[in-house]
Amino acid sequence: MEDGAEALDKSVIYNVKPMRSLVPVFSSPPNHSSSPNAHPFLSVSPAGPFPTGVVPFYPFAGAAEINQARTNSFSSPAQAAVPLSSFRTPTSRGDYSGQANGDVEGSQSSGKKKNKPRKKAKGDGRGAANFADIDTDSIVEGIVLSSTLMPINTLLSADGNEESARYVRLVFDVLRRRISQLEDSKDATGSGVRRPDLRAGSVLLGKGIRTNSTKRIGAVPGVNVGDMFYFRMEMCLVGLHAPSMAGIDYMTIKINKEEEPVAVSVVSSGGYEDDTDDPDFLIYSGQGGNVQMGKDVTDQKLVRGNLALEKSLHRGNEIRVIRGVKDPANPLTKVYFYDGLYTIQESWADKGKSGCTVYKYKFVRIPGQPEAFATWKSILQWRSGTVQRGGVILPDLTSGAEKIPVCLVNEVDNEKGPSYFTYIQALNYSVPVGALQPPSACDCKSGCAAGEAQCSCAGKNGGYVPYIINGVLVDRRALIYECSTSCICSATCRNRASQGGLKLRLEVFRTKDRGWGLRSWEAIRGGTFICEYAGEAITARTGLTDDYIFDSTRTYQPLEVSLGVPGNETRLPFPLVVDAKNRGNVARFINHSCAANLFWQAIVRYTGNAPSLHIGLFAVSHIPPLTELTLDYGIVQTDNAPRKTCLCGSPKCRGYFF
DNA sequence: GGATATTCAAACGT
DNA sequence: CACGTTTGAATATC
């Protein structure tokens, strides 16, 4: 288009093989918890000293006492092993939300305080009725029983670890997404505020599906600097920050018979006039004094959280800091980054704008921790153009084929870029005649998510639109039917999440010693559609082990946590192999990992008049910006198939792939 | 132990 | 869309 003299197709660029077998980049090293500073409390702990990073504080109750409080069937430590057959798995009907569960609960627990319903005393029932008909017990049961991550009889202990924290976060989000989906499918007549996050959090707390439930100073096992959250409840469930709203979390410690509150974590997210400019410092405002319903601004008092911060200043203990920011990609929501440990350097009393007293605390970040909030700030600068992203080789390797540019960066060595390939946005593959039911053609006028109970596309997906808002998939299914050209609904219908090319800002980057990889500048929620695997469909030969191959006939691990409904297997009813060597999209740069943060999902929709199949890639869990995106490329079943040695480095590494 | 006060939510309406 | 309103739920404290 611009200078036509060049015979070179602009979409053709350099190409070097992605090294799929190499170690993925994690947002933070796993050994972060070995604090550079000695823990100030170790010397005074009655049971100390402990190894660095271990903070076994039980100020009020022993672990046993806390465990005893759990009476639910799923985490009860009473039975050494619970045979799976003693549980009834959900039936294959599309609607599995209304089933009774008395047999399961009854056989495992005495029935006292089954689900801790948290009765609302209010008589109107308006808000409470929002979720009244959603059987969260059955949903959670399906999730727990189908999980491959933790044995169901493993106690989610008061002191967590990497696995339990991951488990809790995954369960929370899939439950929350399912509740959202069920809410979305109802008539949109109810105007009450819906809070699937609170509902999911409350249900899981009631069932003991939480971890690190004892408060502690310093690092929280299984939660790493740079971890990302979308709801306060998520942080509560993993023991990072307990209060559901308050910004300061604190605990009382007993020293020489003196009880004293100390702060353990704070959330800074714009509720007060904090100074958050410098990623190494934080000026944090004390709590209270704000305008509330029918109350004026008042002086803050040195009580509760403020008192705890003051005591922490004098004790010098580490305090976890969570930085909440507005997500520019979705300005209505917030993202929370766990930014690691800080100490308070000084405090003072200020006069706020209204003339009332506001306490201020200067937090200083302990050096040597991985970047978290600092990374986010850098990306904001790249996006606004105030700072240029370093190492850019090509500003857009799609050459405009995507609406959003994908830059090619190398901050590591002298490689100039991958070898030639042609950028295409989508896979072009028609479903074999008779292999599947054809997709539907709905006539929804107002979007297919809410209130369109008659949507025939939703009917194809078991009665529900498979996506909630923002292109977030509720759960993996064998196949998803999207709305498309033959539907009445608009292009913004949420049942078209995989269409229209990239929606996230991505970059292809040079890894340190691992070839090229793909990652995002954006905060990605679990379940989000990332991209499809584009390329040339080759159905004739399967079992290929070349690079740039996606092979649906390989064996894939199930998701660690899912809703547990039948039909979420990955096998397709016909063989599809995609070769992205000569033609492809960003997906061809995605490296393999046995602990991948993406999964694939088959999607059917019309392209013109032909039902076409697409391979969508979705986020397994929240993915912080600049974390490498990885996919499990599966296993070839035949015994003598050539295999590639895997060095993904995860504890679950199989040692090979393909 | 139950009830209450406190609180840097999250959604939605204007 | 910035701001106000509404409905919240965990926890500490009374």
If we only count heavy atoms from C-beta on, is the [X] to [Y] side-chain gap below 4.5 Å?
| X | Y | value |
| --- | --- | --- |
| L240(A) | R320(A) | yes |
| L282(A) | S268(A) | yes |
| V561(A) | Y167(A) | yes |

Quiz item: According to a 3.5 Å limit on both distances, what stems of 3 or more consecutive Watson-Crick or G-U pairs are formed with DNA chain B?
Solution: B:2-7 with C:9-14, B:9-14 with C:2-7
Under 4.0 Å from OP1 or OP2 of [N]: is there any side-chain N or O of [X] that close?
| X | N | value |
| --- | --- | --- |
| S244(A) | dT7(B) | no |
| Y359(A) | dC8(B) | no |
| K215(A) | dA12(C) | yes |

Exercise. Run the salt-bridge test on K362(A) and D275(A) with the 4.0 Å N-O cut-off and return the result as yes or no.
Key: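 D275(A) and K362(A): not salt-bridged.
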Looking for any heavy atom pair under 4.0 Å, which part of the strands does [X] touch: base, sugar-phosphate only, or nothing?
| X | answer |
| --- | --- |
| G201(A) | nothing |
| D197(A) | sugar-phosphate |
| Y284(A) | base |

Write down the distance between [atom1] ([X]) and [atom2] ([N]), rounded to a whole number of angstrom.
| X | N | atom1 | atom2 | result |
| --- | --- | --- | --- | --- |
| M235(A) | dC8(B) | CE | P | 13 Å |
| F363(A) | dC8(B) | CZ | P | 13 Å |
| R304(A) | dT4(B) | CZ | P | 17 Å |
| M233(A) | dG8(C) | CE | P | 13 Å |
| K301(A) | dT6(B) | NZ | C1' | 12 Å |
| D249(A) | dC8(B) | CG | P | 12 Å |
| Q287(A) | dA9(B) | CD | P | 12 Å |
| N290(A) | dC3(C) | CG | P | 14 Å |

Quiz item: What is the ring orientation for W376(A) with F337(A), classed by angle as parallel under 30°, tilted 30 to 60°, or perpendicular over 60°?
Solution: tilted
Quiz item: For C489(A) and R496(A), what are the C-alpha separation, side-chain angles and deciding distance, and is it a side-chain contact (heavy atoms from CB on, under 4.5 Å)?
Solution: CA-CA 10 Å; C489(A) 60; R496(A) 299 167 179 250; 3.4 Å; yes
Row check, [Y] ring normal vs [X] NZ/CZ: under 6.0 Å, within 45°:
| X | Y | result |
| --- | --- | --- |
| R178(A) | Y464(A) | yes |
| R323(A) | F373(A) | yes |
| K334(A) | Y230(A) | no |

Exercise. Run the numbers on T357(A) and K351(A) for side chain to side chain donor-acceptor pair (under 3.5 Å), then give the verdict.
Key: CA-CA 5 Å; T357(A) 303; K351(A) 287 291 178 194; 3.3 Å; yes
Which nucleotide wins on minimum distance to the side chain of [X], given the candidates [options]?
| X | options | value |
| --- | --- | --- |
| T252(A) | dT13(C), dC8(B), dG8(C) | dT13(C) |
| R195(A) | dA9(B), dT13(C), dA10(C) | dA9(B) |
| F231(A) | dC8(B), dA11(B), dA12(C) | dA11(B) |
| R232(A) | dA9(C), dC8(B), dT13(C) | dC8(B) |

Self-check item: Upstream residue (5' side of DNA chain B) when A246(A) and Y230(A) are each assigned their closest nucleotide
Solution: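 Closer to the 5' end of DNA chain B: A246(A).
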Quiz item: Is any N or O donor-acceptor pair between the side chain of D274(A) and the base of dC8(B) shorter than 3.5 Å?
Solution: yes
Self-check item: F281(A) CZ to Q345(A) CD distance, which is reported to the nearest 0.5 Å
Solution: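 Answer for the CZ-CD pair, F281(A) versus Q345(A), is 6.5 Å.
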Quiz item: Nearest nucleotide by nearest heavy atom, which residue falls closer to the 5' end of DNA chain C, M245(A) or A242(A)?
Solution: M245(A)
Quiz prompt | Those residues of residues 324-337 of chain A lying under 4.0 Å from DNA chain B by at least one heavy atom | solution =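 Residues of residues 324-337 of chain A under 4.0 Å from DNA chain B: K334(A), Y336(A).
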